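Read the structure below first, then the notes.
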Amino acid sequence: MTLEEKVGQMAQAERGAIDGDRDQITTLALGSVLSGGGSVPADNTPAGWADMVDAYQAKALATRLKIPLLYGIDSVHGHNNLVGATIFPHNIGMGATRDPALVEREEQITAIETKATGPQWVFAPCVCVSRDLRWGRTYESFGEDPRLVSEMAVGIEGFQGEHKRDMATNRHVLATAKHFAGDGDTKFGSSTSGTYTIDQGVTVTDRRTFAKIDLAPYVTAVRKYGVGSIMPSFSSVDWTEDGVGNPVKMSAHEELLTEVLKKKIGFDGFLISDWAAIQQIPGDYATQVRTSVNAGMDMFMEPYSAPQFIQTLIAEVKAGRVKMSRIDDAVRRILTAKFELGLFEHPYTDRSLAKTIGSPEHRAVARQAVAESQVLLKNAGRALPLRKNARIYVAGANADDIGNQAGGWTVTWQGSSGNIIPGTTILDGIKQNSSHVTYSADASASMAGSDVGVVVVGETPYAEGVGDVGNGHTLNLSDADKAAIDKVCGAIRTCVVLDVAGRPQIVTDQLSEMDAFVMSWLPGSEGAGVADVLFGKRPFTGRLPVTWPRSEAQEPINVGDRAYKPLFPYGYGLRTRPHHH
Ligand code: BGC
Ligand code: BGC
């Protein structure tokens, strides 16, 4: 390979940057293309995707060496960019299930649905350990305890298959453990980017604690599950034992990327930088590129700067500031993944399983996950399960909104409210179980004659730092949600409140009004799974994957803290027995 061909393999461009001039894939000898959140083909169907990815692939195969392209995408709760895919609960809900085998099945299904449309590589799972609910990415985390997160890292096997043996089949994809490391353990108000308050911030810690809390899931991901790629985090690390005040960006962190991850932990896959993350390293572009490559980064997500990246890295190698041995190491790692995926033999999309996308079988697994993820936090007078013939009054902004129920990273990066994907809402599920349902989002309809009120409150979608508290968001319930609870719980004898949100919300003052309180998380496309536990078709078994605070000011609060007086502790969750109909 020429230097140009090698460096091309190390570059990844955004779909939107090359779509208008696809020959760039050939002329740059590009190694990879990604779809960022919401970066979808005009025809957002399985065939539309496969046609697009295959057209890009043809351009890669037109190069001298015919090295196939790797297409990456954020399938973080199903193939979530595709309308019609099976959308699973976000990771925080999967953490609540305490069911690693279910996470493995989720990712098997996600691998099938993703690969049938072209992409062979997912930027998932997030094995982040969320230590502060004010983080806008809390819902991408399986929980606050590194042991729980490590157990759920089995999702890697769902994606890649056991020991990557079947990774070349239409049932598996290459996985990415992200974001290495400490992304969920940053200090509030420590941001180095200026824009956000906690996302992309600084993990201020000592090496021992960092290993215990933040690195632990990566040891499992690498040694037990052989994860093929890892994405270093936007965040920085500041070692207290070295004297605070010298945060180093993960994309530039040679100690952690090379000495710890590659040498000590033994990671033999490749590192993919996060979205233009190297551009946050101090210095000019040449310095940023050189620093990151020399720190151990192998492939570079430079969404709109891939040509400049290639040009710059070639110049750095020629100037002797980056060794050819480092380039060879990076390219060897990338090509190994392409061989393991069987791309040289089968570069084009195998569409045969496209018919299973969003199938009843796949949705049934998601529905089971929804049911298992529900956490029953209060159940006075055995308000739950509901009686089948009860007259039910349903209220609240999140009762009948599949967009809110799916959250961020659904069709678009930020997600959105409304009827954006096919599936069932929580209200749909309730209606499947009872013919006496009155629905009034703002609780304005008459409540006379109702036996039970079900109020579904919660958050509207957000992703990444946009959802940080202090960035327009709060853990407190909205005034409208509080009013709906007051109104319904004040008027109807039995009152059940469901929280549809990516993280616990402050309900300390409302709890006494409720007979039952359920944390529903962000269930995704199969809202009917919520009704399955409400009506006792399945038992409540979910347990909190994070500590539930009394107030926003209590954050950060985590299991094991010396002073620990939360509203509900980590691991809490009441159980019910299923009804026998
Ligand atoms: C996020 C990653 C994601 C990437 C590509 C970044 O902003 O931090 O989690 O994989 O974008 O969409
Ligand atoms: C993309 C995301 C990416 C983000 C980074 C968005 O425009 O859609 O995938 O994570 O930018 O800021």
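First listed ligand is number 1; within each ligand, the first listed atom is number 1. Heads up: numbering here begins at 1 and tracks the sequence. Nothing here was measured: the structure is a model prediction, and the numbers come from that model. Excluded from the calculations below are hydrogen atoms, water molecules and symmetry mates; all remaining heavy atoms, backbone and side chain alike, are included.
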Near [X], which atoms of ligand 1 are under 4.0 Å from a heavy atom of that residue?
| X | value |
| --- | --- |
| Lys178 | 2 (C), 3 (C), 9 (O), 10 (O) |
| Phe123 | 10 (O) |
| His179 | 2 (C), 8 (O), 9 (O) |
| Glu464 | 1 (C), 6 (C), 7 (O), 8 (O) |
| Met231 | 2 (C), 10 (O) |
| Trp275 | 6 (C), 7 (O), 11 (O) |

Exercise for review: Answer yes when Arg131 and Glu144 have at least one side-chain N-carboxylate O distance shorter than 4.0 Å, and no when they do not.
Suggested key: no
Check your understanding: So, Arg326 and Asp298, do they make that salt bridge, N to O below 4.0 Å?
Key -> yes
Review point. Which bit of Arg137 is near ligand 1, meaning a heavy atom under 4.0 Å away: side chain, backbone, both or neither?
Key: side chain
Check your understanding: Which bit of Trp413 is near ligand 1, meaning a heavy atom under 4.0 Å away: side chain, backbone, both or neither?
Key -> neither
Review point. Under 4.0 angstrom from ligand 1, any heavy atom of Glu140?
Key: no
Point to revise | Interatomic distance, Phe234 atom CZ to Met250 atom CE [nearest 0.5 angstrom] | key: 13.0 Å
Review point. If you round to the nearest 0.5 Å, how far is CD of Glu107 from NE2 of His172?
Key: 12.0 Å
**Study point:** Residues Trp275 and Glu464: side-chain donor-acceptor under 3.5 angstrom
**Key:** no
Point to revise | Pairwise side-chain contact, His90 with Trp521, heavy-atom cut-off 4.5 Å (strictly under) | key: no
Check your understanding: Are Trp239 and Glu255 close enough that some pair of their side-chain heavy atoms sits under 4.5 Å apart?
Key -> yes
Review point. Do any nitrogen or oxygen atoms of Ser35 come within less than 3.5 Å of a nitrogen or oxygen of ligand 1?
Key: no
Check your understanding: Counting both backbone and side chain atoms, is some N or O of Asp274 under 3.5 Å from an N or O of ligand 1?
Key -> yes
**Study point:** Contact summary for Ile357 and Ala116, nearest pair of heavy atoms
**Key:** CD1-CB, 4.3 Å
